[in-house]
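Taking it in order: structure first as structure tokens, then the write-up.
Every chain is numbered from 1, with letters handed out A, B, ... down the list of sequences. Predicted model only: the values in this text are computed from it and were never measured.
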Amino acid sequence: MTPAVMEVRNVERHFLIDGGLFRAKRVLHAVNGVSLAVRKGEILALVGESGCGKSTLSRMMLGLLPPTNGEVQFEGVPIGDLDRIAMARRVQPVFQDPYSSLNPRKTVGAIIGLPLKVHHVCTAQERRARILETMDRVGLARRFHDVYPNQLSGGQRQRVAIARALVIRPELVICDEPTSALDVSVQSQILNLLQDLQRELGLTLVLISHNLAVVQHMATRVAVMYLGRIVEQGDTASLFRCPQHPYTQALLASILTPEPGLGVPETNLGAAFSNPLNPPSGCTFHPRCPRAMPVCSETAPRSQFHNRGTVACHLYHAADL
Amino acid sequence: MSTVLEVQGLVVRIPLTFGDLSPVRNVGFSVSTGETLCIVGESGCGKSLTSLAIMDLLPSRARRTANRISFDGVDLTAIRERDMADIRGNRMAMIFQEPMTSLNPAYTIGNQLEEAMLRHRKVARSAARERAVYLLEKVGITAAGQRLKQYPHQLSGGLRQRVMIAMGLMCGPKLLIADEPTTALDVTIQAEILHLLASLKREFDMAMILITHDLGVVARVADRVAVMYAGQVVETGTAKDVFSRPLHPYTQGLLRCVPIPGRTKPGEHLGSIPGLVPNLIGEMKGCSFRNRCLHASVECGAIDVTLQQIGPEISYRCILPVAVAAAYGLEATKA
Amino acid sequence: MFIYFLKRSLVALLVAITVSIISFMLLHLSGDLAQSLAGPTASEADIIQVRKAYGLDRPLVVQYGDWASKAIRGDFGESFFLKQPVFPIIVDRFPVTISLGVSALLLALLVSIPLGIVAALRPNSWIDRLALTISVFGQAMPSFWFGLLLIMLFGINLRWLPVSGTGGWQYYVMPAVTLAYYSMPAFMRLTRAGMMEVLASDYIRTARAKGLRSMTVLFKHALRNAVIPLVAVAAVQLGFALGGSVVIEAVFSLHGVGYLGWESISRADFPVVQAIVLILACLYIVLTLFADLLNAFLDPRIRVN
Amino acid sequence: MSAESHAGAIETTEPSSGAQLRRRLSRHTTFLVGAGILGFILAVALLAPLLAPHDPYAQNLSRRLIPPVWGSGGSWAHPLGTDQLGRDYLSRLVYGSRISLLIGFSIMITSGIIGTFLGIVAGYFGGRIDLIVNFIITTRLAMPVILVALTVAALAGSSVRNVIMVLSLLLWDRFAVVTRSATLQVRALDYVAAAEAVGCSTLRIVAGEILPNILNAIIVIGTIEMANGILLAAALSFLGLGVPPPLPDWGAMIADGKQYMFFSPWVITIPGIALFTLVLGINLLGDGIRDLTAHENRT
Amino acid sequence: MYGTARRLACVITVVGAGLCVSPALANKANDTLSVAWDAQLDNADAYFNTSREGILLARMVWDQLIERDPVSFEYRPALATAWRWLDPLTLELDLRKGVKFQNGQPFDAEDVVYTLNFVSNPDNKVLNATNVNWIKNVEKIDEYKVRIHLSRTFPAALEYLAGPMPIYPHVYYAKVGPSGMARQPIGSGPYRVEKLEAGKSITLVKNTDYWSDSPKGTPKIGKIVVTFPPEKTTQMAELMSGGIDWMWYVPTDQVKDIEKVKGITVVSGETMRVGYIYFDAAGRSGKSPLQDIRVRRAIAYAINRPEFAKTFFPSTASVLKAPCFPAQFGCYQGATQYDYNLAKAKELMKEAGYPDGFNTTLYAYRQPSTWEDALAGYMSQIGVKASIQLLQYAAFRTKNNEGVTPISFGDWGSYSINDASAILGNFFTGTRDDFTGDAELQAWVKEADASPEPKTREELYRKAVERIMDRMYALPMNSYAVYYAYSSELNFTPFKDEIPRYYLYSWK
């Protein structure tokens with residue numbers, strides 16, 4: 001097995017939520033005991049619905065948020081011990097919304113060049129050359145160098161964001177829903193680009209997405225999150241072929257492929273997504289689970305390893321897998 | 001099966017300082033009882049404005065003209081605002097994309113549900129409440145009686161969208177227009193809501209117009225499809241026809257862009273449509289897709305491309321002959 | 001709700017204490033208190049005696065504690081000028097300022113809310129432009145100057161209204177109009193902007209899609225939500241109006257606390273000034289507290305959880 | 001809304017944002033009128049020695065209260081007449097613009113620095129610091145501005161410097177409130193997170209990512225506070241505790257002219273109109289900038 | 001701007017539609033005389049304020065032992081029916097029988113004894129000690145006879161008894177003290193205080209029970225309301241709009257305009273009040289160029305006093321040659337004079353080493369600041385840039401007493417006492433009002449104030465005036481003739497002693 005570039009160990013992150021005017025502050029367990037390893041050269045997809053904690057997890061992996069408990073290691077070193085600059089040189093983000101991820105007051109060249117400037121990696125002339133080179137690589141015409149983001153389309157903006165992430169040649173790029181704000185016709189271009197870059201530069205990618213079709217197309221490995229926990233992970237092919245966790249099964253069932261005549265699938269998940277501020281006891285998925293058992297509402301299931309990955313569900317015992 | 005709504009030559013213009021913006025240009029379609037029409041297209045193609053134009057809910061600065069908007073025997077282009085208001089929410093209802101903001105935060109769910117009925121029917125409040133409870137249960141909300149006393153902020157997005165649907169159904173409309181009803185929702189909820197809409201349509205024997213950008217949703221829900229690009233309908237047909245044999249290069253391109261589990265090989269390049277949507281300000285000439293089209297020729301810019309009707313249900317806006325177009329489309333779906 | 005009220009009150013109390021420290025310092029920066037208390041003819045020995053008698057030789061902290069504990073009981077010391085206890089003097093003047101502030105507030109709301117609504121309904125129409133002009137003029141008009149112009153027109157030329165002093169309701173007309181014109185632009189802009197925002201909101205579209213009559217949409221669905229933020233602003237504006245009535249009360253010689261404050265400043269009667277500053281500040285704090293609660297009550301998003 | 005997303009599509013063919021802004025500025029009447037007024041008064045202030053026909057301080061008790069040229073008895077020797085001490089009113093008006101502008105700009109800059117600093121610190125760091133800054137803002141708002149300003153002026157003595165100082169220390173609250181919420185907004189945007197992820201220092205993030213993006217809001221508040229400062233300073237002068245005589249401050253001119261207003265109304269109308277026009281100009285300028293930048297922020 | 005006003009007028013008209021908007025006016029119709037005074041009374045107790053308005057109120061509410069005729073300046077019996085000097089240090093007075101205070105208490109020797117002993121006791125700290133410190137004590141001889149024992153010879157004693165020395169009801173005064181008297185004054189005078197709202201207004205009603213034979217006569221107008229509109233503008237506005245019936249100190253430059261207003265009468269009247277500029281030669285406010293005699297002289301030369309007087313005062317006002325009213329005993333007119341001479345002034349400034357002048361502060365209290373502005377304008381001609389601190393009268397006096405005023409511009413009415421001691425004694429005897437620091441001068445004035453010999457006094461005052469003028473401690477400006485403006489329905493005559501006697505006035 002390839003070594004882990006980044007390892008997330010039993011990480012928790014709580015937020016104090018101002019309960020509005022009439023309530024005391026409450027604790028939101030955004031990420032609740034997540035362990036995860038990102039291996040060199042892979043595309044690891046984090047899948048889950050909104051509010052499941054995947055963005056919080058990504059921010060912790062970027063070192064933008066300190067975990068409440070547990071630690072994130074980069075090549076065996078806790079990132080708390082790494083200085084911000086060193087960390088930044090190796091891990092870079094691409095965000096979801098290309099409109100808010102680019103400073104509207106800076107030119108494309110300045111945005112892409114910012115990491116170079118901060119890290120003092122090259123002289124001003126070299127910098128320009130490297131910016132242009134990176135722009136070529138992500139398929140941005142050089143004439144955009146002195147242009148402001150508001151003159152670019154969404155796809156072009158996302159290319160700028162990718163160029164900014166790549167210009168200091170990081171090892172790991174964390175893409176938080178990189179295409180969900182884009183139109184289909186543009187989405188495919190960005191996905192193709194990410195795939196090419198990953199191959200050519202030997203990047204490790206973490207791809208956060210709620211679109212399972214995209215995940216299946218892109219990822220080599222998948223981790224499914226539900227209410228702050230990873231309920232299942234495994235390599236893409238086997239996870240899609242035979243999902244273990246009822247939630248994963250439901251997720252896969254609700255993929256709507258453009259194939260007419262199949263009708264809308266019935267997920268049997270019940271009406272409401274649970275409130276992350278007040279998560280259900282035991283297995284947080286139990287109120288919606290079609291296969292819930294009495295034990296599910298009492299004890300939270302532990303992650304169990306099997307030969308293709310892990311699953312956290314009372315339906316399975318290590319021996320069965 | 002009777003035609004509930006027929007639209008012909010719908011144009012929406014928004015006057016701007018430097019010329020008129022025409023986000024909807026000469027759009028036409030029809031929908032019948034028991035049928036679901038999906039209008040699909042990317043952002044900015046004019047699909048939402050089309051629906052608002054039918055409801056006469058356009059932003060005040062937008063101007064609507066149409067050759068014909070006939071709803072249930074009434075010519076909507078000719079009636080007064082008062083009469084249109086009598087139709088809205090009564091015989092023709094609409095639900096919107098953002099369930100989080102589409103309900104008034106200041107009033108209870110019950111109040112807002114009942115209001116829709118009290119406005120159009122001479123019924124007692126208690127009757128309206130009964131109907132509200134009935135419909136809330138219908139849309140899968142438990143403890144409906146208590147929910148009536150709750151405020152919108154106390155409900156999750158999925159529940160609010162269900163309330164919106166119930167609100168649309170209060171007066172038993174003939175036509176329900178759903179504008180991206182699931183876009184803001186999570187995937188698992190999306191499936192539930194679509195399921196619900198489909199079954200309600202059957203149960204209440206309505207016509208439904210579903211507006212979406214998601215080809216997956218279209219394929220699963222639609223009886224018929226209208227594909228819009230740059231303010232025009234570029235292709236119509238039954239869902240089966242459009243997805244299995246897309247005729248317009250844009251439809252073909254779109255279908256190529258989406259990874260389909262089981263069909264697209266993981267890791268392989270997806271198809272894409274290069275270039276950008278054209279500017280819709282001022283007069284336009286020629287095919288609006290030509291700058292992004294793989295098959296474009298000089299001719300495409302020179303003449304006004306019209307819809308080719310090649311069957312009772314099928315038409316497309318392209319100068320390519322059917323056989324040629326179909327061939328490209330087959331290639332596309334295979335790829 | 002109770003916990004919220006408690007928390008909010010605690011903050012208010014802290015602010016009040018801070019303000020009291022500031023106003024306490026104000027008096028102590030004004031010069032030798034013992035000298036002022038002893039009066040101009042006092043000798044050195046007298047001053048020393050006064051200093052002892054009033055405890056002015058103690059550390060400032062002790063003095064503050066003493067002063068604050070007395071102030072809570074309404075004892076703000078004695079006026080240097082009027083040689084009377086400060087608190088009754090201020091209490092005597094308060095009704096005038098309150099009447100002025102409240103009538104100005106009502107007048108401003110009465111004019112600006114309808115105007116703001118109409119302006120929001122018909123953006124860029126003549127009435128919108130008129131409303132905008134009025135508000136822009138109101139913002140740029142020095143209130144004292146406006147007051148003088150009113151005096152010239154209604155007091156001298158037309159002789160409709162009394163030009164100065166305190167008395168019946170006629171005495172409040174011009175000051176209230178002046179003060180109202182000062183706070184009107186804020187209300188009108190807020191109503192207009194709030195109304196426009198609400199009118200463009202999704203739930204108004206929903207209401208229209210239900211086929212509701214435009215009056216129902218406007219008054220039931222739009223107005224209520226547009227007016228909620230106005231409540232807080234109205235309370236804050238009332239607080240500002242009470243504090244800002246100094247100029248207007250001075251122009252019209254209206255015997256309110258603002259005028260008293262100005263007079264006291266010009267006759268170096270700082271115990272009075274100090275007490276007025278403190279009382280006005282506390283009033284503002286109470287008003288904003290009240291506004292927050294009212295707001296919470298009006299907005300179900302806050303009230304119901 | 002859909003109409004908006006169309007605007008999004010349009011912009012791809014638009015020129016650069018700077019050029020766009022300039023073009024819109026050149027068409028915006030409110031902005032133009034405001035800028036015109038402020039520019040004119042600024043020019044008058046700068047060229048005061050050239051424009052003023054007389055020494056603004058030279059009194060001539062034998063030529064008192066001469067009406068302006070359009071009044072009966074007015075002459076071109078004193079186009080706007082003379083005041084109660086026989087000083088040329090036009091000259092005083094012209095020199096007065098310097099004081100108003102000096103006060104306005106100084107207050108704007110000083111209170112702007114204080115308020116922006118507090119607002120950014122509160123918005124950027126949040127948490128306890130935010131609480132503290134909020135507390136300071138609340139306390140400041142609770143202080144009755146005019147009374148406190150009058151008191152301080154009375155204690156410290158009235159002078160232009162003291163007026164500027166006391167008002168600057170009292171008028172920063174709006175800057176703080178607005179920059180705080182603007183900073184909070186910008187802080188949540190991904191480009192700030194991106195800059196953090198790049199390893200930028202806090203100072204660099206504030207200076208490079210946040211400040212440029214809240215500058216519009218700061219400028220708009222700047223105009224509001226400048227206008228506000230000028231009006232308050234005039235009010236202080238009017239109450240006799242602002243700019244001390246014999247400086248030709250417009251507020252003080254109104255105060256001095258007050259006793260002559262019934263029979264020589266121009267002594268208060270002229271400086272009043274000047275004050276009104278200046279404040280109007282600044283407000284219009286601010287409104288214009290707000291309109292235009294709101295448009296810009298929307299796309 | 002008028003457009004806006006008109007628009008607002010519409011608003012008001014709409015709001016007040018149908019309602020008759022007219023101010024409740026004080027006038028002949030309801031027998032109420034409404035008068036505007038300039039300075040608020042910090043304390044209604046006549047011994048605890050120093051303002052002219054205090055004297056006006058005292059004359060209405062209380063009576064003096066002796067009344068000085070406002071026209072002939074002769075002494076007439078008031079509460080005392082007769083008086084005689086037993087020796088230069090003893091004055092015996094016979095008191096009037098049958099006088100009653102407004103609270104019903106009859107007047108007798110106890111009242112005189114208590115009042116005068118109380119105020120002359122230094123422990124009680126009356127505000128103007130010079131008015132009373134000549135009294136050692138007062139002795140009751142019988143119920144209607146008292147003897148005043150003087151602490152020193154004091155020739156002006158009668159003048160003071162007829163001036164700022166009202167007699168209080170002793171039981172009441174003993175009970176409530178000065179602060180109680182200030183809140184609710186009770187006297188034997190022609191008017192009774194009905195309502196006294198501190199700093200706001202005083203309402204007086206006719207004392208229907210007023211003793212006959214009073215030289216003050218019987219009060220005629222039923223009710224007098226005193227207000228304190230803070231500014232001349234407001235007062236004039238009130239007068240023109242009918243809000244008040246009487247005001248004084250009408251700005252001279254507005255007289256010709258206000259005269260034209262229908263229903264308003266303007267008269268001028270001379271007073272004993274003199275204007276002065278007092279320099280801090282002693283350096284009490286800190287080291288300053290003003291301690292240089294040349295600087296003080298330069299300023300004196302720079303001020304065009306005739307022009308000032310002509311511009312701001314009625315023609316009867318005259319430029320003064322000495323720091324006292326010319327008619328006052330001992331007001332020597334032959335001292336050094338400083339005629340307007342800018343060249344000389346500049347020369348002196350150069351000599352003193354201030355060719356470019358200096359910055360200083362001018363304290364004053366007369367609202368509005370026109371007079372002060374004009375003075376500052378004169379001074380600025382020689383580079384003396386004076387910033388003006390305009391205070392209320394009481395605050396101005398306090399600043400004076402605290403000694404922080406480098407230059408003060410004030411005026412003094414000598415309590416209408418026709419003797420130089422009433423002014424020189426106040427400003428040049430080393431009290432807190434003294435800015436000369438000149439011990440010799442102080443000694444002369446003190447001696448003159450106390451000396452029984454008119455000759456000696458005259459000589460000493462002459463020396464004092466010469467010293468003051470020569471060293472330019474204080475620049476006398478001009479005598480204050482004032483303009484009174486009032487409703488034409490009022491019968492009004494001004495008096496030379498600057499004391500309008502409202503009990504003498506009546507409606508036409």
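- Judged by distance alone, with hydrogens and angles left aside, the side-chain atoms of Gln195(A) form no donor-acceptor pair with the main-chain N or O of His269(B) at under 3.5 Å.
- Atoms CG and CG, from Leu276(B) and Leu152(A) in turn, are 10.0 Å apart once rounded to the nearest 0.5 Å.
- The side-chain heavy atoms of Leu256(A) and Leu194(B), taken from C-beta on, include a pair separated by under 4.5 Å.
- Checked by atom type, the side-chain pair Arg288(A)/Thr188(B) shows a donor-acceptor distance below 3.5 Å.
- With hydrogens and angles ignored, the 3.5 Å screen pairs no side-chain donor or acceptor of His217(A) with any backbone N or O of Pro259(B).
- Here the side chain of Arg220(B) pairs a donor or acceptor atom with the backbone of Thr257(A) at under 3.5 angstrom.
- Val187(B) touches chain A through backbone and side chain together, each having a heavy atom under 4.5 Å away.
- Put simply, the side chain of Pro258(A) reaches to within 4.5 Å of the side chain of Ile260(B), judged on heavy atoms.
- Residue contact with chain B, scored on non-hydrogen atoms closer than 4.5 Å, is absent for Asn211(A).
- When the candidates Gly271(B), Ala198(B), Cys257(B) are compared by the number of heavy-atom contacts under 4.5 Å with chain A, Cys257(B) comes out ahead.
- When every heavy atom of Ser185(A) is checked against every heavy atom of Glu42(B), the shortest pair comes out as OG-OE2, 2.7 Å.
- Taking CD1 of Ile189(B) as the start and CD of Glu49(A) as the end, the distance is 6.0 Å to the nearest 0.5 Å.
- What you find for Pro265(A) and Ala191(B) is that their closest heavy atoms are O-CB, 4.1 Å.
- Side-chain atoms of Gln216(A) do not come within 3.5 Å of backbone N or O of Pro266(B) as any donor-acceptor pair.
- Using a 3.5 Å distance cut-off with no hydrogens or angles, the side chains of Ser254(A) and Gln190(B) do not pair a donor with an acceptor.
- In terms of heavy-atom proximity, Ser43(B) sits nearest to Asp183(A) at OG-OD2, 2.8 Å.
- Of the inter-residue distances, the one linking Leu193(A) atom CG with Ser272(B) atom OG reads 11.0 Å to the nearest 0.5 angstrom.
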